[in-house]
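Bear in mind that the values here come from a model prediction, so they are computed numbers and not experimental data. Convention: sequence-line order gives letters A, B, ...; per-chain numbering from 1.
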Amino acid sequence: MTEIETTNFIEQIVKEDLEEGKVGGVQTRFPPEPNGYLHIGHVKSMLVNFGTALKFGGKCNLFFDDTNPSKEKTEFVDAIRRDIEWVGYRWAKEVYASDFFDVIYDYAEKLIHMGKAFVCDLSAEEISASRGTLTEPGKESPYRNRTAEENLRLFREMKAGKYPDGSKCLRAKIDMASPNINLRDPVIYRILRATHHRTGDKWCIYPMYDYAHPICDYLQGVTHSLCTLEFEDHRPLYDWVGITLGFSPKPRQIEFARLNITNTVMSKRYLKKLVEQGLVHGWDDPRMPTIAGLRNRGIPPKALLSFCAAAGICKADSVCEQSYLEHFVRDELNASAERAMAVVHPLKMTIVNYEGEEETEFAVNPTLENSPVRKILFGKNLYIEEEDFSLAPPPKYNRLKEGGYVRLKGAYIVRCDEVVKDGEGNVVEVRCTYIPESRSNHDTSGLKVRGTIHWVNADRCVDAVVKNYECLLNDAAYDGQDFDERMNRESEKVIEGVKAEPYLAAAADGTPFQLLRTAYYKKCTEANGKLCLSFIVSMKDSYKKS
RNA sequence: UGGGGUGUCGCCAAGCGGUUAAGGCACCGGAUUUUGAUUCCGGCAUUCGUAAGUUCAAAUCUUGCCACCCCAGCCA
């Protein structure tokens with residue numbers, strides 16, 4: 001993994017901690033809960049956690065925060081591993097909260113001994129009702145002052161399965177009057193009979209995030225626990241656990257702002273719903289902002305990382321424009337993607353003075369200094385893009401018009417001599433003559449033409465099915481009720497009648513390929529009003545391998 | 001109306017008492033160009049939410065105000 005260039009406030013803090021000798025080295029953790037697939041927001045978290053460790057020669061673990069068995073699955077664990085690897089990071093250790101269930105339990109008994117935790121018989125509703133409000137303090141539980149002995153007996157009975165789900169819980173004894181609601185005797189253990197994806201039915205009580213997380217961090221030797229802004233209010237509780245339990249050195253929690261992109265759904269809850277309701281093909285549907293989905297759109301991982309790094313790590317809530325992401329995708333693809341030609345709206349072009357076939361060379365990527373060269377076959381019968389010919393050309397139109405000249409990319413300059421129309425006046429064919437002296441790279445014709453267009457050889461090309469994912473979960477109304485419906489209706493379009501080079505089909509192994517238009521072509525499309533498919537073709541990884 | 005945060009160009013974002021207030025995206029010019037792309041050069045905040053105050057000097061310090069975000073799961 002090449003280091004991504006970053007500077008941010010977290011690195012400054014870590015640097016200071018190092019310089020002041022507060023920590024001897026850096027240990028972080030990337031802490032997803034295996035309850036869904038990773039999305040582009042997690043790339044930012046990876047950049048922060050892996051990136052910070054990398055920068056200071058430290059280590060970053062992959063930590064699965066699996067304290068809620070009712071939501072977690074092995075499928076997600078596998079997907080998360082795969083996605084991190086694809087992004088390019090390698091973790092030091094793979095750790096699970098469930099690895100520590102025994103220790104976490106022992107610490108709970110310790111809290112009870114210390115008089116810092118008690119078993120509460122209140123129901124969830126009662127606890128909620130007695131928690132107070134934002135402006136009023138809560139009321140202490142009637143069970144708050146049980147003796148340590150009684151609490152211990154009860155807690156052990158909870159563990160042994162003596163009580164039904166929800167009938168009791170273990171609470172930290174902190175301060176019901178705290179202005180920080182997280183400190184109002186938070187629940188730290190609940191009774192929950194659910195099969196855990198790793199520990200099976202061994203446990204019927206599970207620790208809560210707020211209690212388990214600081215312990216897991218400490219046990220892993222985490223020096224800096226980096227998380228998102230919504231956990232700021234939890235930091236006092238995080239610290240309470242560490243201080244009460246006497247952790248030394250106690251990990252330091254630092255929060256940063258989540259990643260937001262305009263018109264992009266970034267909530268796992270919503271993404272999950274889309275998958276479960278079948279509105280998308282799965283978590284890896286190219287319309288999804290998941291890492292797997294973005295991968296299937298042909299977006300290179302480096303683009304994601306560059307984007308996150310450029311967007312920056314700080315504490316201010318912000319929303320990046322999609323065009324910002326698109327820039328890094330284009331930037332990366334421009335340097336790395338294979339090029340090929342395809343015609344989306346075919347218009348027949350016949351070269352009347354040409355017979356036979358000949359190979360002509362094609363710079364795969366003309367912007368690269370040592371662009372690989374590919375050979376393509378030029379012939380008499382071609383297809384060009386409908387939009388590249390105009391009967392009534394607007395001012396400054398550089399492409400083909402009646403009597404005009406245009407260069408066929410990688411081949412000859414042609415002149416349009418005749419336009420064939422159908423009964424309704426639609427152009428169905430353009431008949432041209434080619435200029436033999438104008439052959440690509442051997443041009444002695446002296447002609448200067450302003451336009452160059454892409455084409456395919458009609459006798460050699462193949463029909464292709466192109467899926468065009470124009471809408472990446474990008475509906476401004478995604479919070480509204482009509483989101484699901486619009487999502488379903490607009491996001492995926494199949495473009496039919498596309499003619500592509502055999503090369504493309506070969507690369508796609510005969511499988512219908514996806515030409516991914518949105519981000520990568522957008523700039524070009526907007527600039528000249530035509531869809532330019534000839535340059536960047538980014539196929540699904542799985543297809544590309546063949 | 002409690003607590004915790006955040007406010008610097010249309011969008012991100014550096015800046016940490018003395019800088020002409022970095023950089024990127026977007027946008028606008030101009031040059032190169034075998035795709036109106038790419039590449040290249042140039043332009044783009046006398047101003048830092050706001051009002052006072054401290055100071056020779058403030059985006060940076062103080063105070064008040066305003067706006068936005070987060071918190072009342074036995075979710076994470």
Would you indicate what A:F231 reaches in the nucleic acid, counting non-hydrogen atoms under 4.0 angstrom: base, sugar-phosphate, or nothing? base
Between the main-chain N or O of A:V344 and the side-chain N or O of A:E385, is there a donor-acceptor pair closer than 3.5 Å? yes
Are the aromatic ring centres of A:Y107 and A:F100 under 6.0 angstrom apart? no
Return yes when atom NZ of A:K315 has more than 12 non-hydrogen atoms of other residues, nucleotides or ligands closer than 6.0 Å, and no otherwise. yes
Parallel, tilted or perpendicular: rings of A:Y324 and A:F328 (30°, 60°): tilted
Integer angstrom distance from the P of B:rC12 to that of B:rC69: 14 Å
I'd like the C1' distance from B:rA21 over to B:rU63, given in whole Å. 25 Å
Specify the residue among A:C120 and A:H442 whose closest nucleotide of RNA chain B lies further upstream toward the 5′ end. A:H442
Base, sugar-phosphate alone, or nothing: which one does A:S123 contact when heavy atoms must sit under 4.0 Å apart? base
Phosphate-side-chain proximity, A:T262 and B:rC11, N/O vs OP1/OP2 below 4.0 Å: no
Does A:R450, at its CZ atom, have more than 12 non-hydrogen atoms belonging to other residues, nucleotides or ligands within less than 6.0 Å? no
Where each residue is assigned the nucleotide of RNA chain B containing its nearest heavy atom, which of A:L192 and A:P179 is assigned the position nearer the 5′ end? A:P179
Closest to side chain of A:N68, choosing from B:rG73, B:rA76, B:rU38: B:rA76
To the nearest angstrom, the CG-P distance between A:L237 and B:rA76 comes to 12 Å
For the C1' atoms, the ones on B:rA45 and on B:rC27, what distance do you get once it is rounded to whole angstrom? 15 Å
Distance below 4.0 Å between A:Q12 side-chain N/O and B:rA14 OP1 or OP2: no
Aromatic ring centroids of A:Y238 and A:H234 under 6.0 Å? no
Contacts satisfying side chain to side chain donor-acceptor pair (under 3.5 Å) that involve residues 251-260 of chain A (not counting sequence neighbours) are A:D17-A:R252, A:E230-A:R258, A:R235-A:E255, A:Q253-A:E255
Considering only heavy side-chain atoms of A:Y397, the closest of B:rG36, B:rU38, B:rC71 is B:rG36
Say you pick atom P in B:rU46 and the same atom in B:rG23; how far apart are they, in whole Å? 16 Å
What's the CG-C1' distance between A:N398 and B:rA37, to the nearest Å? 13 Å
Using a heavy-atom cut-off of 4.0 Å across all strands, would you classify A:N441 as base, sugar-phosphate, or nothing? base
Regarding A:I127, tell me which of base, sugar-phosphate or nothing describes its non-hydrogen contacts under 4.0 Å with the strands shown. base
Which base sits across from B:rG2 as a Watson-Crick or G-U pair, both distances under 3.5 Å? B:rC71
Nearest-angstrom distance, P atom, B:rU47 to B:rC28: 25 Å
Can you find a side chain N or O atom of A:R190 that sits less than 4.0 Å from OP1 or OP2 on B:rC75? yes
Which one, B:rG4, B:rA72, B:rG36, comes nearest to the side chain of A:E232? B:rG4
Figure out the CD1/P separation between A:I261 and B:rG24, and round it to whole Å. 21 Å
Please state how far atom CG in A:L47 lies from atom C1' in B:rC12, giving the value in whole angstrom units. 15 Å
Select one nucleotide: of B:rC75, B:rU38, B:rC74, the one nearest the side-chain heavy atoms of A:E33. B:rC75
Applying ring pair (Phe, Tyr, Trp, His ring centres under 6.0 Å), name anything that partners A:H327, two or more places apart in sequence or on another chain. none
Side chain of A:L134 (C-beta onward), nearest among B:rA26, B:rA72, B:rG23: B:rA72
Those residues that, when tested against A:V119, pass side-chain contact (heavy atoms from CB on, under 4.5 Å) (two or more places apart): A:D121, A:R146, A:N151, A:L154, A:F155, A:M158, A:K168, A:L170
Under 4.0 Å: is that the gap between some side-chain N or O of A:T452 and OP1 or OP2 of B:rU33? no
Ring pair (Phe, Tyr, Trp, His ring centres under 6.0 Å) with A:Y412: which residues, sequence neighbours excluded? A:F378, A:Y434
Reckon A:G410 touches a base, only the sugar-phosphate, or nothing at all at heavy-atom distances under 4.0 Å? base
What is the separation between atom CZ on A:F9 and atom P on B:rA13, rounded to the nearest whole Å? 11 Å
Minimum-distance nucleotide (side-chain atoms of A:E321 versus B:rG10, B:rG73, B:rU38): B:rG10
What integer distance in Å separates A:L325:CG from B:rA26:P? 12 Å
Separation of A:F256 atom CZ from B:rA13 atom C1', in whole Å? 16 Å
Compare the minimum distances between each of B:rA26, B:rA76, B:rG36 and the side chain of A:K396, then state the nucleotide with the smallest one. B:rG36
Applying a 3.5 Å limit to both distances, which nucleotide forms a Watson-Crick or G-U wobble pair with B:rC9? none
Donor-acceptor pair under 3.5 Å: do we get one between A:T135's side chain and the base of B:rU1? no
Any N or O donor-acceptor pair linking the side chain of A:H454 to the base of B:rA37 at under 3.5 Å? no
B:rC70 P sits how many Å from A:E255 CD, rounded? 16 Å
In whole Å, what separates the C1' atom of B:rG15 from that of B:rU8? 9 Å
Spell out, as yes or no, whether a donor-acceptor pair under 3.5 Å connects the side chain of A:S167 to the backbone of A:P164. yes
May I ask you to verify if any side-chain N or O of A:R330 is less than 4.0 angstrom from the OP1 or OP2 atom of B:rA26? yes
Could you tell me the Watson-Crick or G-U partner of B:rU50, where both distances fall under 3.5 Å? Say none if there is no partner. B:rG64
Let's see if you can work this out: which of B:rA76, B:rA26, B:rG3 has an atom nearest to the side-chain heavy atoms of A:D233? B:rG3
Considering only heavy atoms, which members of residues 310-320 of chain A lie under 4.0 Å from some atom of RNA chain B? A:A311, A:I313, A:C314, A:K315, A:A316, A:D317, A:S318, A:V319, A:C320
Would you measure the distance from the P atom in B:rC70 across to the matching atom in B:rC48 and give it in whole Å? 28 Å
Taking the minimum atom-to-atom distance to the side chain of A:T133, which one of B:rC12, B:rA72, B:rG10 wins? B:rA72
Quote, to the nearest angstrom, the C1' distance that separates B:rG49 from B:rC40. 39 Å
Side-chain donor-acceptor contacts of residues 34-41 of chain A below 3.5 Å, not counting sequence neighbours, with atom names and distances?
{"unit_1": "A:N35", "atom_1": "OD1", "unit_2": "A:K268", "atom_2": "NZ", "d": "2.6"}
{"unit_1": "A:N35", "atom_1": "ND2", "unit_2": "A:E33", "atom_2": "OE1", "d": "2.9"}
{"unit_1": "A:Y37", "atom_1": "OH", "unit_2": "A:E75", "atom_2": "OE2", "d": "3.4"}
{"unit_1": "A:H39", "atom_1": "ND1", "unit_2": "A:G41", "atom_2": "N", "d": "2.9"}
{"unit_1": "A:H39", "atom_1": "NE2", "unit_2": "A:M266", "atom_2": "O", "d": "3.3"}

Chi class for B:rG73: syn within 90° of 0, otherwise anti: syn
So does A:R407 get a side-chain nitrogen or oxygen closer than 4.0 Å to the phosphate oxygens (OP1/OP2) of B:rG36? no
